[in-house]
Structures are given as C-alpha cells and as structure tokens.
Amino acid sequence: MNSKIMSFMDTMLSEVEKGHFLSKEHIIVDLIKALEKQWVRDYTWVEIKIDISHSVIFKLPEDALKVIFDNLILNSIQNNDDKNHLFIYIKAKLNSDFLEIDYSDDGKGLNKKYITRPDKILEVHETSRSDGHGLGMWIVNNTIIMSGGVINKIEGKDGFRVNFSIGRMFR
C-alpha cells in the first residue's frame, strides 16, 4: 500500500509545474492519454477506454483535467479495490462553449446511501469509506465550477457515471 501511495504522490508532484496552470488550447485526447499511461502503469488491473476525437481542442489549464481525472480515477480504484479488473470509459465532445465529458466505470457504483441523492458525494468530507477523506469529488466539483462548468448528472447503479461540462472561464 505504501508503494502505491508513494507512486501516486511522485506522479502528482512531478506534474506540478507553473506552466500547467496557464490556460491554453489543448488537444484533449492527448492530455487524457498521458493520464491513462500513468494510471495503467501503476494499476495493471485497470483498463481505460478513451472515446475522444483528435479534433476536440479546448482552451484550459492542463492541470484542470489532471485534477479532475486523477480524483475520478483514484475514487474508482479505491471503491473497487476488491475487483481484479476495472474498466473506465472516458468520452468527450465539444458542446457550444463547453467541453462535455462522460466518465464511467464498471465497478460497484455508489454506496446505497447516495442512490437517492447522488449529488451528496460532492460535499466536502463526504465519504462512504472508513479510510476516506471525502475530498476527491469535492475537488472535482470545485474545479469544474471554477471553469464556469457544472456537473450535469451522477449515476451509481451498475457502476459509477458522471457527466459534466467544463467552461471556458479559466484565466
């Protein structure tokens, strides 16, 4: 467990560079594929499928997507650590002035306490895990809000799914 934590922290810290916080145009699939390589390298039982056209170009800080997806993927892994294979699916498309993203996994889904009110997982320190801190989805939500975006839908039956839009308000 310590080696997994150290690997995760090394990955996170190596990515923190001043240039990553500047908003510029990115080919979104390239940013997501770079994240995929890191996660699949560290967690061989995780498979990530990316469905994003190379024509999807969007202006945002590189770290915005890293923050969002590192937290989503880590949540998927931690909530399904008893599985021997986890499939994660990421789809993105341009929708007017927004980058619309669908993220899902084939894990166990939301804890039953969130099924009737899935938006509760966005609250600070909200967790169903005894060793969880409840910051991951709160960080995801706040990063999306900072962009001028919104979480459109959260589902937790037959796996976990979140659909959200990232806006162009990053400076």
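In what follows, every heavy atom counts, from backbone to side chain, and hydrogens, waters and symmetry copies are set aside.
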Taking the side chain from His54 and the backbone from Ile27, do they hold a donor-acceptor pair closer than 3.5 Å?
no
Would Phe164 end up clustered with Tyr89 when hydrophobic side chains under 4.5 Å apart are linked, directly or stepwise?
no
Check the surroundings of atom NZ in Lys113: do more than 12 heavy atoms from other residues, nucleotides or ligands lie under 6.0 Å from it?
yes
Could you work out, with side-chain contact (heavy atoms from CB on, under 4.5 Å) as the rule, every residue matching Asn80, not counting sequence neighbours?
Lys83, Leu86, Asp105, Lys108
Can you classify the ring geometry of Tyr43 versus Trp45 as parallel (below 30°), tilted (30 to 60°) or perpendicular (above 60°)?
perpendicular
Looking only at atom types and distance, does a side-chain atom of Tyr103 sit under 3.5 Å from a main-chain N or O of Leu72, one as donor and one as acceptor?
yes
Within the distance-only criterion (no hydrogens, no angle test), does the side chain of Asn141 pair as donor or acceptor with the backbone N or O of Met137 below 3.5 angstrom?
no
Could you tell me whether the side chain of Asp81 and the main chain of Ile77 form a donor-acceptor pair under 3.5 Å?
no
Checking side-chain hydrogen bond (donor to acceptor under 3.5 Å, both in side chains) between Asn163 and each of Lys91, Glu100, Lys153, which is the one that passes?
Glu100
If you look only at pairs with a residue in residues 25-38, which of them pass as a salt bridge (charged side-chain N to carboxylate O under 4.0 Å, His left out), with sequence neighbours excluded?
none
Has the side chain of Asp106 got a donor or acceptor atom that lies under 3.5 Å from a matching backbone atom of Phe87?
yes
Is it possible for you to say whether Phe98 and Ile90 belong to one hydrophobic cluster, with membership spreading through side-chain heavy-atom contacts below 4.5 Å?
no
